[in-house]
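Reviewing the structure listed below.
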Amino acid sequence: MHSVTVCGIGYVGLVTSACLSRAGHDVVAYDTDVTKISQLQHGRLPIYEPNLRELVEAQCASGRLRFTASAAEAFEACDVVFIAVGTPTTRLGDADLTYVRQAARDIAQRAVGEVVVVNKSTVPVETVDLVARLLEREGTGRARFAVASNPEFLREGSAVEDFLHPDRIVIGTDDERAAALLRDLYAEIDAPVLVVDPHTAEMVKYAANAFLAAKISFVNEIASLCDAVGADVEGVLAGMALDHRIGEQYMRPGLGFGGSCLPKDVSALAHAAREHAIEPTLMDAVLDVNRRQVPRLIRKIRSVAGEIEGTRTGVLGLAFKAGTDDVRESPSVALIEELLACGSSVSVHDPAAMPNARRTLGDRVEYAADPYDALRGAHVAIVATEWPEYRALDWRRAATLMAGTAVFDPRAALDSASLAGTNLIYIGSAHDAPGVSV
Ligand code: UDX
């Protein structure tokens, strides 16, 4: 059993805290946001994530997980600290390390004894050196520090499952004792462990996310081409996926990739390449293709359903993907902004993300109590996030509520057969449907 402190209680920090506690460790979860900590102490989670509430409750009840906003309490008695603070993108496209620096200073000033400081935030290569320098310079707590990088690969919506059953655990450190401690920390988790130097570990995370983003942009470009030549993109992708060298993961076309990681990490990698005088041709293209997906759908709406100005659009789904309440870099939100700019009124629904979306979209859209309400009077319906509840909709009922007939399904969230027997016209990423009435 180790005494673990997790610094920064966002998605990664909270899941790491709860799961390491479940693995039998004594975990203190620390954040400078007093309101967030107070909510957590009262059992209220700042994020929606399947199975997380139950896990946090159980671990708090076991006494192995507690939350604090006090740096003194957080760092005085731990043998390992995870830095899991946010690393937002700056205007220039690189990662802002303000919170990482602050965390390193807090740790240095408070920690006592031997401590392994582990970067879990996604950070540019060499950040582990920055943390080591700060610990050395600021250290007043008379601790001996070793540093490591331990990137986290969990996905929102399946974060607990991903943490407990990862494809791999990557440990980046030059310190043998730190490597041994981290191996021991993860002993309960059954996954291959890769021990490499810190820069390699930092690079693994960026390279993996950039590769996933590249796959998505690739299939989106293929989808555009399929549209143009009259090929069925779903058939094309099915044919590709049967090649076991290609597979079917991250091969779903749609509105492009969003969320707090993929767009940010590809930008940061491109920025890092430029800093090393390497032209990031592929990364730039990945981002460029991604930016084209919302305009592509807008063009499709125009060509299929006519002018957008003065119409009403019902948008189902606001989260950047199903299973989360997160709207950061959500393609759905970008789509809504574009629809508003084109002069459509928009009513929206999402099973989880409406409160977060309201912070961005304010009262410029109408928030519907249920999906049917969002479609009432709509000339055009768009399923922008692939929530399973939308697949289960009664489209006969929706048809009686809508003013128009076009249902756009860019992420292939629906079974097109469910619209059979209605006057609705299904337009997936593989379909053109001229003559739709609005
Ligand atoms: C991602 C990485 O998958 C994870 O390893 C890392 O730790 C954090 O970043 P996450 O942001 O939760 O996880 O989202 P992910 O499930 O990877 O999806 C990212 C975006 O790509 C979403 O907008 C999703 O809708 C989109 N996507 C995904 C596609 O458009 N097509 C696909 O085939 C897969």
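Whatever order the structure lists them in is the order used to number ligands and atoms, beginning at 1. What you are looking at is a predicted structure, and each value in this text was computed from that prediction instead of being measured.
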Please work out whether the ring planes of Y48 and W387 are parallel, tilted or perpendicular, with thresholds of 30° and 60°.
-> tilted
Residue, atom name and distance, where the atom is the protein heavy atom closest to atom 17 (O) of ligand 1 = Y250 OH, 2.6 Å
Under 3.5 Å: N/O of S260 near N/O of ligand 1 | no
Step by step, work out the side chain to side chain contact (heavy atoms under 4.5 Å, CB included) result for F153 and N209.
-> CA-CA 9 Å; F153 301 96; N209 269 359; 5.7 Å; no
Taking every heavy atom of L361 against every heavy atom of V333, the minimum-distance pair comes out as CD2-CG1, 4.2 Å
Which of the atoms of ligand 1 are close to N209, meaning less than 4.0 Å from one of its heavy atoms?
-> 2 (C), 4 (C), 5 (O), 6 (C), 9 (O)
When you look for heavy atoms under 4.0 Å from ligand 1, do you find them on the side chain of L154, its backbone, both, or neither?
-> backbone
For the rings on F75 and Y30, is their centre-to-centre separation under 6.0 Å?
-> yes
Give the residue and atom name of whichever protein heavy atom lies nearest to atom 10 (P) of ligand 1, and the separation in Å to one decimal.
-> K321 NZ, 3.8 Å
Can you pull out the closest protein heavy atom to atom 5 (O) of ligand 1? Residue, atom name and distance to 0.1 Å, please.
-> F153 O, 2.7 Å
For atom 33 (O) of ligand 1, closest protein heavy-atom neighbour = R252 N, 2.8 Å
Could you tell me whether Y390 and H349 have their ring centroids closer than 6.0 angstrom?
-> yes
Check: F257 N/O within less than 3.5 Å of ligand 1 N/O = no
How close does the nearest protein non-hydrogen atom get to atom 9 (O) of ligand 1, and which residue and atom is it?
-> C261 CB, 3.0 Å
For atom 1 (C) of ligand 1, find the nearest protein heavy atom and state the residue, atom name and distance (0.1 Å precision).
-> L262 CD1, 3.6 Å
Least distance between heavy atoms, A74 atom then T5 atom = O-OG1, 2.5 Å
Which residue and non-hydrogen atom of the protein lie closest to atom 13 (O) of ligand 1, and at what distance in Å?
-> R155 CG, 3.6 Å
Do other residues, nucleotides or ligands put more than 12 heavy atoms under 6.0 Å from Q249 CD?
-> no
Mind listing the closest non-hydrogen atom pair of L182 and F82 along with its distance?
-> CD2-CZ, 4.1 Å
Let me see the working for V160 and C19 under side chain to side chain contact (heavy atoms under 4.5 Å, CB included), right down to the final yes or no.
-> CA-CA 7 Å; V160 172; C19 291; 4.2 Å; yes
Is ligand 1 under 4.0 Å from a heavy atom in the side chain of Q249, in the backbone, in both, or in neither?
-> neither
Give the numbers and elements of all ligand 1 atoms closer than 4.0 Å to a heavy atom of E152.
-> 7 (O)
Does K215 approach ligand 1 within less than 4.0 angstrom via side chain, backbone, both or neither, non-hydrogen atoms only?
-> neither
Does NZ or CZ of R328 come closer than 6.0 Å to the centre of the six-membered ring of F320, within 45° of the ring's axis?
-> no
R411-ligand 1 polar pair, N/O distance under 3.5 Å = yes
Under 3.5 Å between some N or O of ligand 1 and some N or O of G259?
-> no
Looking only at protein heavy atoms, identify the closest one to atom 28 (C) of ligand 1 and say how far it is in Å.
-> I216 CD1, 3.5 Å
Kindly identify the option in A319, G323, G258 whose heavy atom sits closest to atom 23 (O) of ligand 1.
-> G258
Step by step, would you call D175 with T173 a side chain to side chain donor-acceptor pair (under 3.5 Å)?
-> CA-CA 5 Å; D175 186 298; T173 184; 5.4 Å; no
